[in-house]
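One structure is given here, and the rest of the page talks about it.
Lettering follows sequence order; numbering is per chain, from 1. Computation of the quantities below employed the complete heavy-atom set of this structure, encompassing side-chain atoms and omitting hydrogens, waters and symmetry-equivalent molecules.
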Amino acid sequence: MASSGRPERQAPPELFYNETEARKYTSNSRMIEIQQKLSERAMELLALPEDTSCYILDIGCGSGLSGECLTDNDHVWVGMDISPHMLDIAREREVEGDIILGDMGDGMPFRPGSFDGVISISALQWLCNADKAFHKPAKRLYTFFSTLYGVLSRGARAVFQFYPENSSQIEMITQQAMKAGFTGGLVVDYPNSTKAKKMFLCLFAGGAHQQLPTGLGTDTVPQESSGASFSAFREKRKRGDRKPLKNSREWILQKKERRRKQGREVPVDTKYTGRKRKARF
Amino acid sequence: MKLLTHNILTSNIIKGVTRGFPLKIKSSRLEVKEVDFNPDFILRILPKLDWSALRQAATEVGYGNGLPEELPSSLEGDDSLQKTIHNILLQVEIVEGELECPETGRKFPIQNGIPNMLLNEDEVS
């Protein structure tokens with residue numbers, strides 16, 4: 001996503017991804033790298049059986065960057081996108097998968113049980129917008145998820161990386177997905193970082209009960225979410241809770257821990273951490 | 001568009017269409033592209049395919065020769081048939097043409113190998 005703000009606010013996807021914007025996905029190495037990393041992580045969450053070629057649907061395939069990741073893993077894929085310019089770029093790059101021009105909000109035009117998995121990179125948030133007068137986001141989301149459930153084989157996964165604008169969008173999306181029969185939920189990578197934080201909606205289409213994967217950078221086990229206890233008492237700050245003195249060893253350790261949670265590269269803690277250097281340096 | 005995609009594509013997203021399969025093909029330009037032969041994938045995907053629809057589609061574009069009327073129960077070891085199926089499913093591509101919904105007659109154009117499945121406002125269910 002460009003730093004110039006949210007593209008969903010500027011124009012509908014079929015107009016926003018015009019020739020110049022589509023061209024960026026072949027020339028801008030930073031955008032390509034981000035897309036590749038996201039696709040690799042999504043593949044990991046998809047957890048397909050190893051050494052078997054699967055048939056995958058890529059929703060919002062764009063210029064086929066995520067599809068290349070699938071091809072590298074010997075999977076055969078079909079891509080769908082609403083922007084004809086992005087698909088022209090995909091044709092130009094001679095991607096292996098087959099591509100279809102279509103609107104995910106209209107529903108998935110496939111036979112039941114066709115796909116072994118679904119991957120989607122940075123596309124789902126577009127469905128939250130009403131770009132035409134007759135668009136109703138919740139209804140379009142429901143049409144999308146219910147038809148998607150049908151085209152998946154039982155027990156298959158669908159992984160969506162997306163950029164929700166606020167928590168009510170997340171709620172609307174997950175609500176419609178659950179209504180359509182999916183199980184699963186949200187996986188958040190690096191939740192403590194504003195920059196590295198990435199959201200993945202990981203859905204399961206029936207089958208045996210599956211464990212939701214955990215996000216990266218969340219090494220501490222999250223506290224019991226259902227049992228948050230409230231009390232009327234205001235907790236007083238104890239003396240020991242005070243922030244450690246600046247530049248002290250504790251202060252450095254705390255800061256390193258915080259940055260580690262943000263997913264940044266941090267040197268390991270040793271006995272030398274926070275020690276003064278000798279005068280001869 | 002490859003014939004594998006045609007074999008799973010339907011028009012049942014149109015309001016009032018229940019099955020929408022198989023879509024009729026009218027092709028004005030075909031291409032045959034080289035794709036790596038992957039016997040594992042062919043064996044995995046075969047049970048999911050609608051064989052009679054594939055046969056009909058292959059005949060419509062002129063590649064129907066060598067396809068048996070009924071799919072043999074096991075293809076393991078039958079290399080030549082596997083290769084024929086691989087060729088029809090993945091190598092033959094419709095570059096320019098049209099798909100037609102069997103129930104409503106709605107036409108979906110194929111340009112530059114990309115089928116246009118976008119619906120109008122009044123067709124969305």
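In this structure the side chain of B/Thr10 never reaches within 4.5 angstrom of the side chain of A/Phe110, judged on heavy atoms. Residues B/Val124 and A/Thr143 are not in side-chain contact: their nearest non-hydrogen atoms beyond the backbone lie 4.5 Å or more apart. Put simply, the side chain of A/Thr52 does not reach to within 4.5 Å of the side chain of B/Asp40, judged on heavy atoms. Residues A/Arg91 and B/Ile114 meet the side-chain proximity criterion, which asks for heavy atoms closer than 4.5 Å.
Annotation for B/Lys33: atom NZ counts as buried by contact number, over 12 foreign heavy atoms lying within 6.0 Å.
Put simply, of A/Leu87, A/Val151, A/Thr147, A/Val76, the one with the most heavy-atom pairs under 4.5 Å next to chain B is A/Val76. Between chain B and the residues A/Ile99, A/Leu101, A/Asp116, the most heavy-atom pairs under 4.5 angstrom are made by A/Leu101. The most heavy-atom pairs under 4.5 Å with chain B, out of A/Ala90, A/Ser153, A/Cys54, A/Pro112, come from A/Cys54. The greatest number of non-hydrogen atom pairs below 4.5 Å with chain B, out of A/Gly107, A/Pro109, A/Ala133, is found for A/Pro109.
When all heavy atoms are compared, the tightest approach of B/Arg44 to A/Ser53 is NE-O, 2.9 Å. Annotation for A/Asp106 and B/Leu119: closest pair OD2-N, 3.4 Å, computed over non-hydrogen atoms. When all heavy atoms are compared, the tightest approach of B/Lys48 to A/Arg111 is O-NH2, 3.1 Å.
Contact of A/Lys139 with chain B is made through the side chain alone, with heavy-atom distances under 4.5 Å. Residue contact with chain A, scored on non-hydrogen atoms closer than 4.5 Å, involves the backbone and the side chain of B/Asn112 alike. With a 4.5 Å cut-off on non-hydrogen atoms, B/Ile14 does not touch chain A at all. Neither the backbone nor the side chain of B/Ser11 comes within less than 4.5 Å of any heavy atom of chain A. Heavy atoms of A/Glu94 lying under 4.5 Å from chain B are absent altogether. In this structure, chain B has no heavy atom under 4.5 Å from any part of A/Met80. B/Asn7 touches chain A through backbone and side chain together, each having a heavy atom under 4.5 Å away. With a 4.5 angstrom heavy-atom cutoff, B/Glu123 does not touch chain A via any of its atoms. For a residue to count as touching a neighbouring chain, one of its non-hydrogen atoms must lie under 4.5 Å from one of that chain's; by this rule B/Phe41 touches chain A with backbone and side chain alike. Only the side chain of B/Asn12 comes within contact range of chain A, with at least one heavy atom under 4.5 Å from a heavy atom of that chain.
Of the inter-residue distances, the one linking B/Ile45 atom CD1 with A/Ser114 atom OG reads 8.0 Å to the nearest 0.5 angstrom. Interatomic distance, B/Lys2 NZ to A/Glu96 CD, rounded to the nearest 0.5 Å: 7.0 Å.
Side-chain atoms of A/Asp103 do not come within 3.5 Å of backbone N or O of B/Leu118 as any donor-acceptor pair.
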(request) Could you walk me through whether B/Leu4 and A/Val78 pass the side chain to side chain contact (heavy atoms under 4.5 Å, CB included) test, one step at a time? (result) CA-CA 10 Å; B/Leu4 170 59; A/Val78 174; over 6 Å; no
(request) Test B/Ile13 against A/Met108 for side chain to side chain contact (heavy atoms under 4.5 Å, CB included), laying out the working first. (result) CA-CA 7 Å; B/Ile13 51 170; A/Met108 296 287 111; 5.8 Å; no
